[in-house]
Amino acid sequence: TVDYAISGNYIIELIVENTFGCKDTMKNNFEVYQAPIADFIISDDTVCVGDSVIFTSQSLFTDSVYWQLSNGLNSNNYTFSYKFLDTMSLDVNLYAFNDEGCLDSSILNDVVIALYPPIADFIISDTNYNPGFSMTGSLSFLNLSQNSDYYYWDFSNGNDSYEINPVYEFNFNENTILNIILYAYNGCRLDTANLNYVIKYDKGLFVPNAIYPNDLEVGLNRFNAVATGLNSFHIWIYDTYGNLIWESTDINDKGEPTGRWDGKLKGDYLVQDVYVWKLEASFKDNNNQIIKTGTITLIR
């Protein structure tokens, strides 16, 4: 038994001899045919339902081919296309023949995977910040995407995440619109969902115009500016002659004024009159200086 690795014509010679030294020779031509080499390529190995894949034979030394797919499809074409109408994992058998009757095969499992296309979707499940306190906080996201395995979040401003349900920590100096984009991918296709979210910085400033020191209600017997989101604050109260009676620069970490005037000067109640106030302040979101003036009536 002889194995021939190279195709071609070979001469086979048989020599026989007996004990008397007599010989005889016989020659014969022997042809070794080139065996086919089965091989194929596909246009894609992971597709979405509704997509097509092109199967192309790249077999060598072949006169005919026969395709046998695990979904029941058969073909004798060197190239054909198949559209996937459902999810599946496809096995492919390719048989290559030549006219001399030689055969080779390429049998591969799970050659093509067909999946449902991804659907990107999400909501903001929780917010953790006080707009009147600062521009720092966090947003928690709940991923509602379907048919997806890989995710990429773009929160704008150069921030991103590959987590399924990320928590985004932010720190801004002003009102900010985040263009949040979720990319969902499953190997066959990419889908996106986006949301514009405004991180709004609350601010406001109000100065009352009267004080009634004898009233039992705190909101009436004390004078104080009402505000939120302040970065700096300074208020003065003068009498009609321009003398300084009271001033305050106190604000808490929410940007709210905390100083209160009780209608006294050096421990003594002032007489009923109209007094003048002036304030200078700035908000955290832009730090532009605000200057306001007005009057307050002290009621006895």
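The analysis underlying the following values was restricted to heavy atoms, covering all of them including side chains, and did not include hydrogens, waters or symmetry mates. A quick note: this is a predicted structure, and the numbers were derived from the prediction, not measured.
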Quick one: are [X] and [Y] in side-chain contact, heavy atoms under 4.5 Å?
X      : Y      : answer
Val47  : Leu115 : no
Thr87  : Tyr116 : yes
Ser64  : Thr62  : no
Tyr183 : Tyr151 : no
Phe223 : Val207 : yes
Phe61  : Asp104 : no
Asn71  : Met88  : yes
Asp250 : Phe233 : no

Would you confirm whether the ring centroid of [Y] sits within less than 6.0 angstrom of the ring centroid of [X]?
X      : Y      : value
Tyr82  : Phe84  : yes
Tyr4   : Tyr10  : yes
Trp153 : Tyr162 : no
Phe170 : Tyr197 : no

Would a hydrophobic clustering, with Ile, Leu, Val, Met, Phe, Trp and Tyr connected at side-chain separations under 4.5 Å, put [X] with [Y]?
X      : Y      : answer
Leu195 : Leu139 : yes
Tyr78  : Val92  : yes
Trp67  : Leu108 : yes
Leu90  : Leu73  : yes
Ile235 : Leu205 : yes

Considering residues at least two apart in sequence or located in another chain, which fulfil the side chain to side chain contact (heavy atoms under 4.5 Å, CB included) criterion with Asp39?
Gln58

Is there a donor-acceptor contact under 3.5 Å from the side chain of [X] to the main chain of [Y]?
X      : Y      : value
Glu280 : Ile291 : no
Ser43  : Ile54  : yes
Asn98  : Gln34  : yes
Asp110 : Ser89  : no
Asp91  : Ser70  : no
Ser105 : Ile107 : no
Asp99  : Asp63  : no
Ser148 : Gln146 : yes

Check the surroundings of atom [atom1] in [X]: do more than 12 heavy atoms from other residues, nucleotides or ligands lie under 6.0 Å from it?
X      : atom1 : value
Leu103 : CG    : yes
Ile11  : CD1   : no
Ile6   : CD1   : no

Would you say the side-chain atoms of [X] and [Y] include a donor-acceptor pair closer than 3.5 Å?
X      : Y      : value
Ser125 : Ser140 : no
Thr258 : Asn252 : no
Tyr185 : Asp191 : no
Asn77  : Thr79  : no

Going from [atom1] on [X] to [atom2] on [Y], what distance comes out if it is rounded to the nearest 0.5 angstrom?
X      : Y      : atom1 : atom2 : answer
Glu13  : Thr25  : CD    : OG1   : 5.5 Å
Cys48  : Arg189 : SG    : CZ    : 4.0 Å
Asn194 : Leu178 : CG    : CG    : 12.5 Å
Ile237 : Thr295 : CD1   : OG1   : 11.0 Å

Please give me the minimum heavy-atom distance between [X] and [Y], naming the atom from each residue.
X      : Y      : answer
Pro117 : Cys188 : CA-SG, 4.3 Å
Ile42  : Val53  : CB-CG1, 4.0 Å
Ala96  : Pro36  : O-CG, 3.5 Å
Asn224 : Arg260 : CB-CG, 3.6 Å
Asp154 : Ser156 : OD1-N, 2.9 Å

Please step through side-chain contact (heavy atoms from CB on, under 4.5 Å) for the pair Phe122 and Leu182, ending with a clear verdict.
CA-CA 8 Å; Phe122 70 93; Leu182 169 61; 3.7 Å; yes

Can Trp277 and Tyr238 be said to form a ring pair (Phe, Tyr, Trp, His ring centres under 6.0 Å), step by step?
CA-CA 6 Å; Trp277 60 263; Tyr238 302 91; over 10 Å; no

Apply side-chain contact (heavy atoms from CB on, under 4.5 Å) to residues Leu270 and Trp246 and explain how you reach the verdict.
CA-CA 12 Å; Leu270 295 175; Trp246 176 83; over 6 Å; no

Can you list the steps and then say if Phe155 with Phe141 is a ring pair (Phe, Tyr, Trp, His ring centres under 6.0 Å)?
CA-CA 11 Å; Phe155 302 115; Phe141 294 88; 5.3 Å; yes

For Asp160, enumerate each residue passing the side chain to side chain donor-acceptor pair (under 3.5 Å) test, keeping only those at least two apart in sequence or located in another chain.
Tyr152

Test log, rule side-chain contact (heavy atoms from CB on, under 4.5 Å), inputs Glu169 and Val167
CA-CA 6 Å; Glu169 305 285 343; Val167 176; 3.9 Å; yes

